[in-house]
Amino acid sequence: MRRLDRAFFARPVLEVAPDLLGCRLVRVLPGGARLEGRIVEVEAYVGDGTDPASHAHRGPTRRNRAMFGPPGHFYVYLSHGLHVCANLVCEPAGTGAAVLLRAVEPLEGESRMRARRGGSDGRELTNGPGKLAQAFAITLADDGRSALRGALRIEPARGPREFAVAVSPRIGLSKAADLPYRFTVSGSPWLSRGAGRAG
DNA sequence: GCCTTGATTGTG
DNA sequence: ACAATCAAGGCC
């Protein structure tokens, strides 16, 4: 398939999360330049009420509204008042399940990413949720937008999967810090720093 | 209303 | 180790 469809994201979030590894994050800038990265690290936030670490755990608010919208759309929020983090909404509307994009491997447009990242280079470009959002020019304006089409989108992996998926606890949580909802491309050098060796 | 806490990052 | 900085949640 050339494009991901709504059904891909409508599945259980713990199935979608590992399937997003290897997929491409694509941003087409207003001038037409293309930024592309291969997803290597994600975290799942389940919407069944059993995940106290999820923004959706206490129901809809203005900030997390997109989490309860249709699958295949972005949920973008401001973290610590400074950084932007991007999620992909999963499961049927009203569920409140999403996958956080934590790290990508740059494939195209690295010079433009570097400019946006204030000169940072190499893995520092995209090895964290706030970093990749900055590199790909993701802003709160992308909150609620479709990830299936448009200037910011997810494209399917090309070719068969050639890596192992590693599972580990999520990063930086004070609640439910033991749940194994983090999925990474095993051994990738592009993982986020909180990553430790669990990749 | 007021205070605390973050799904983080850069710097010391 | 800690500041930057804002939206939610908890509590009075």
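Chain identifiers are assigned alphabetically (A, B, ...) following the order of the sequence lines, protein sequences preceding nucleic acid strands; residue numbering begins at 1 within each chain.
Side-chain atoms of A:R102 do not come within 3.5 Å of backbone N or O of A:S192 as any donor-acceptor pair. At distances below 3.5 Å, not a single donor-acceptor pair connects side-chain atoms of A:R24 with backbone N or O atoms of A:R153.
Atom NE2 of A:H57 is separated from atom C1' of C:dG10 by 15 Å (rounded to the nearest Å). Taking atom CG of residue A:L140 and atom C1' of nucleotide C:dA7, one finds them 11 Å apart after rounding to whole Å. When rounded to the nearest whole Å, the span between CG of A:L82 and P of B:dT11 equals 13 Å. Distance A:E124 CD to B:dT8 C1': 13 Å, rounded to the nearest Å. The nearest whole Å value for the distance from the CG atom in A:N127 to the C1' atom in B:dG10 is 12 Å. Note: CD1 (A:I171) to C1' (B:dT9) measures 14 Å, nearest angstrom. As rounded to whole Å, 11 Å separates atom C1' of B:dG10 from atom CD of A:Q134. One can place CZ of A:R182 at 11 Å from P of B:dT8, the figure rounded to the nearest angstrom.
Using a 4.0 Å heavy-atom criterion, one finds that A:N87 contacts the bases of the nucleic acid, with or without backbone contacts as well.
Comparing A:K175 and A:G128 by the nucleotide of DNA chain B that holds the closest heavy atom to each, the one mapping nearer the 5' end is A:K175. Closest-nucleotide positions on DNA chain B for A:S120 and A:G172 were compared, and the one nearer the 5' end corresponds to A:G172.
With a 3.5 Å ceiling on both atom-pair distances, the Watson-Crick or G-U wobble partner of B:dG10 is C:dC2.
Counting distance only, with no hydrogens placed and no angle test, the side-chain atoms of A:R58 and the base atoms of C:dG10 include no donor-acceptor pair under 3.5 Å.
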Check against ring-ring contact (aromatic ring centres under 6.0 Å, His included), A:H55 and A:Y77: CA-CA 10 Å; A:H55 287 175; A:Y77 72 94; 4.5 Å; yes
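Ionic pairing of A:R149 and A:D5 is not present here: no N-O contact between side-chain nitrogen and carboxylate oxygen is shorter than 4.0 angstrom.
By the criterion of a centre-to-centre distance under 5.5 Å and near-parallel planes under 30°, the ring of A:H80 forms no stack with the base of C:dA4. The ring of A:H83 does not lie on top of the base of B:dT8; it is either too far (5.5 Å or more) or too tilted (30° or more). With centres under 5.5 Å and a plane angle under 30°, the ring of A:Y45 is stacked against the base of B:dA7.
Note on A:R63: every side-chain N or O is 4.0 Å or more away from OP1 and OP2 of C:dG9. The phosphate of B:dG6 (OP1 or OP2) has a side-chain N or O of A:S174 nearer than 4.0 angstrom. For the pair A:H55 and B:dA7, the criterion of a side-chain N or O lying under 4.0 Å from OP1 or OP2 is met. For B:dG10, the OP1/OP2 oxygens have a side-chain nitrogen or oxygen of A:K131 closer than 4.0 Å.
At least one cation-pi condition fails for A:R65 and A:F68: the charged atom is not both under 6.0 angstrom from the six-membered ring centre and inside a 45 degree cone around its axis.
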